[in-house]
Amino acid sequence: MTSRYQRPTGTLDILPAERPYWRYLEHTVHEVMHLYGYEQIDVPVFEHTELYVRGVGEGTDIVEKEMYTFQDKGNDSLTLRPEFTAGIARAYVEHHLYKQPQPVKLYAIGPVFRYERPQAGRYRQHTQVSVEAFGEEDPALDFEVLHLAYHLFRQLGFQHLYFQLNSTGCPACRPRYVEALKAYYLEHYDEIDADCKRRLQRNPLRVLDCKADQCQPVIMAAPKILDYLCDDCRTHFHTLRAYLDAAGLSYVLNPRLVRGLDYYTKTVFEIWAEGIGAQAAICGGGRYDGLVAELGGPSVPGIGFGAGWERIILAMKAQGITPPPLPPLHVLVAHMSSTKATAVQLSAQLRQAGIATWLAFGDRSLKSQMREANRLGVAYTIIVGEGEVARGAVTVRDMRTGQQTEVPLTDVVTWLRAALSTSPEPAS
RNA sequence: GUGACCGUAGCUCAAUGGCAGAGCACCUGGUUGUGGCCCAGGAGGUUGGGGGUUCGAGUCCCCUCGGUCACCCCA
């Protein structure tokens, strides 16, 4: 049957079979965040449109063509969040968190929305964990954030990931670099493709990560931003690298790494995974020292990153990382149709006693109910048979050994608790 | 927004323009009340939708919807 309704383009239903990945990610993220002293925050799924225009930047693709913007009934222009950082920075300012001891270290988990053409690892609604630390310019904080990301992925079981690191300078030094880059590109104007000609006008730094073969020689010989950093940025970057090197956190120095959001300053980084298509970045972020001020707050530095759940899961599958399975049910209650009433009451008692129970429905053969029990992987099947009920008892079958025991109804809970505690690993 | 490829059973896929099929999954039986393995049987389809060509369309053509992948860009 073809379904009358289907999910909107670029959205995902996460069916039970997929859930273990999500549960595992969520669990691991909370654990690692706590380990590094980060606290969870939740911000609205939509904000005033202006926040993103100011925060993310007017000329960015996100703002120009990817936002889900709508008018509400009060004629306010609202936008489904296309990223977390602006909303979290807004909350930081709105609740005067800059008056608390700094740095304020936060993380958030939830859906973000961008109107894009879907492809491998890219969806219109996707899930991110966003990590943000405000109020500290010490490169030790950059190190901490990078190390947190590294730790998170190691904890998840990743072996082969590629850390990409760069510095994009600050308002003091970046303009000089952009001028130099533009001048260089104008000299090579007829060697670059149409996209790059357009980038040169709109967002010059982006020419650096052009993928067109034609542009590669030009990129290779282009001026490097690291040669243009001001003293402050250079010192910051070198200190961070020293910390990373000492910690044995290996990375690729990638002078072509630039990011599409306007707020980034100094440190920028991404983590790439293989085997998940063209959208290889499972994590991306950097420092945004001007953002809080841009949003009307005090001049407070910040750094953070976002990591995309769906891409992480793709990468896990590509690398053969499987999440721990959910625990199966403890018991299935099977019955003859004549004993169903007893079975129904027993299932309620078992659940009240904390025993995970599947009740067989309908009037089916015991064979069929046993097959169901086998499929569910329960440790025990409780057979509510006529003879047993007449004696005030049930038969309990150990699904691993096949051994059966008649247990008085009044003792079933105690019996099962004892049995389940001695054999926590159910039959599979 | 641009481009390429693809829509057949719940899933993965067959079917030269000529009877819509297989494997897996599901259900039932093989045991008057017993799972897995095995065996037998069953159910399940508007071939995404609409139009056209043709004696005849899953197959060819057009439109449309959807998916996938890539570009742009991003997690």
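Every chain is numbered from 1, with letters handed out A, B, ... down the list of sequences.
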**Request:** Using the six-membered ring of A:Tyr115, assess whether NZ or CZ of A:Arg124 lies under 6.0 Å from its centre and within 45 degrees of the ring axis.
**Result:** yes

**Complete:** In numerical order, the residues of residues 281-289 of chain A whose heavy atoms come under 4.0 Å of RNA chain B are A:Ala281, A:Ile282, A:Cys283, A:Gly284

**Message:** How would you summarise protein contacts on nucleotides 64-70 of chain B per nucleotide, using B for base, S for sugar-phosphate only and - for none, with heavy-atom distances below 4.0 Å?
**Reply:** --SS-BB

**Prompt:** Where the side chain of A:Glu116 is concerned, which of B:A75, B:G33, B:U28 is the nearest nucleotide?
**Reply:** B:A75

**4.5 Å side-chain heavy-atom contact, A:Val129 and A:Met33** = yes

**Fill in**
All stems that RNA chain B takes part in, i.e. 3 or more consecutive Watson-Crick or G-U pairs with distances under 3.5 Å, are B:1-7 with B:65-71, B:10-13 with B:21-24, B:26-30 with B:38-42, B:48-52 with B:60-64

**Polar side-chain contact A:Gln404-B:U34 base: donor and acceptor under 3.5 Å** = yes

**Item:** side-chain contact (heavy atoms from CB on, under 4.5 Å) between A:Arg241 and A:Leu165, intermediate numbers included
**Value:** CA-CA 9 Å; A:Arg241 290 185 59 190; A:Leu165 185 67; 4.3 Å; yes

**Request:** Let me know which of A:Asp42, A:Ile41, A:Val29 forms a side-chain contact (heavy atoms from CB on, under 4.5 Å) with A:Ile109.
**Result:** A:Val29

**Item:** Pairing of A:Glu137 and A:Lys266 as salt bridge, 4.0 angstrom limit
**Value:** no

**Message:** Between the base of B:G33 and the side chain of A:Glu388, is there a donor and acceptor pair under 3.5 angstrom?
**Reply:** yes

**Request:** Considering only atom C1', compute the distance from B:G52 to B:C73 and round it to an integer number of Å.
**Result:** 40 Å

**Message:** A:Lys65: which residues meet the salt bridge (charged side-chain N to carboxylate O under 4.0 Å, His left out) condition with it, sequence neighbours left out?
**Reply:** A:Asp61

**Request:** State whether A:Glu294 and A:Arg54 are salt-bridged, where the test is any N-O pair (Lys NZ or Arg NE/NH1/NH2 against Asp/Glu carboxylate O) under 4.0 Å.
**Result:** yes

**Asked** Which whole number of Å gives the distance between the C1' atom of B:G58 and that of B:U47?
**Response** 5 Å

**Request:** Please work out which residues in residues 306-317 of chain A have a non-hydrogen atom less than 4.0 Å from an atom of RNA chain B and list them by number.
**Result:** A:Gly306, A:Gly308, A:Arg311

**Complete:** Which of B:C26, B:U31, B:U28 is nearest the side chain of A:Lys367? It is B:U31

Listed pairs under 3.5 Å, donor-acceptor, residues 178-188 of chain A side chains, sequence neighbours left out:
residue	atom	partner	partner atom	Å
A:Tyr184	OH	A:Val218	O	2.6
A:His188	ND1	A:Glu191	OE1	3.4
A:His188	ND1	A:Glu191	OE2	3.1

**Message:** Of the options B:A75, B:C73, B:U28, whose atoms approach the side-chain atoms of A:Arg371 most closely?
**Reply:** B:U28

**Request:** Remember a base hit wins even if backbone is also touched, and classify A:Arg202 as base, sugar-phosphate or nothing at under 4.0 Å, heavy atoms.
**Result:** nothing

**Complete:** From the candidates B:G33, B:C26, B:G35, the one with an atom nearest any side-chain atom of A:Arg375 is B:C26

**Message:** Between A:Leu156 and A:Ile312, is the side-chain contact (heavy atoms from CB on, under 4.5 Å) condition met? List the steps.
**Reply:** CA-CA 10 Å; A:Leu156 286 169; A:Ile312 292 171; 4.2 Å; yes

**Message:** Using the P atom as the point on both nucleotides, what is the distance between B:G56 and B:G21, in whole Å?
**Reply:** 22 Å

**Distance below 4.0 Å between A:Thr395 side-chain N/O and B:G33 OP1 or OP2** = no

**Request:** Taking only Lys NZ, Arg NE, NH1 and NH2, and the carboxylate oxygens of Asp or Glu, determine whether A:Glu132 and A:Lys105 approach each other closer than 4.0 Å.
**Result:** no

**Request:** Determine whether the aromatic ring centres of A:Phe163 and A:Tyr150 lie less than 6.0 Å apart.
**Result:** yes

**Message:** Quick test of your reading of the model: are A:Arg122 and A:Glu116 salt-bridged, counting only N-O distances below 4.0 Å?
**Reply:** yes

**Prompt:** Rounding to the closest angstrom, what is the interatomic distance between B:C13 and B:G51 at atom C1'?
**Reply:** 29 Å

**Asked** Within less than 4.0 Å of OP1 or OP2 of B:U28, is there a side-chain N or O belonging to A:Ser368?
**Response** yes

**Asked** With a 4.0 Å cut-off, would you call A:Arg202 and A:Glu64 a salt bridge?
**Response** yes

**Item:** Proximity to the side chain of A:His126 - top-ranked nucleotide from B:A75, B:U34, B:C27
**Value:** B:A75

**Item:** Pair A:Arg117 + A:Glu66: basic N to acidic O under 4.0 Å
**Value:** no

**Request:** Just call it for A:Glu83: base, sugar-phosphate, or nothing, with non-hydrogen atoms closer than 4.0 Å on any strand.
**Result:** nothing

**Request:** Taking atom P in both B:G49 and B:G23, compute the distance separating them and give it to the nearest angstrom.
**Result:** 25 Å

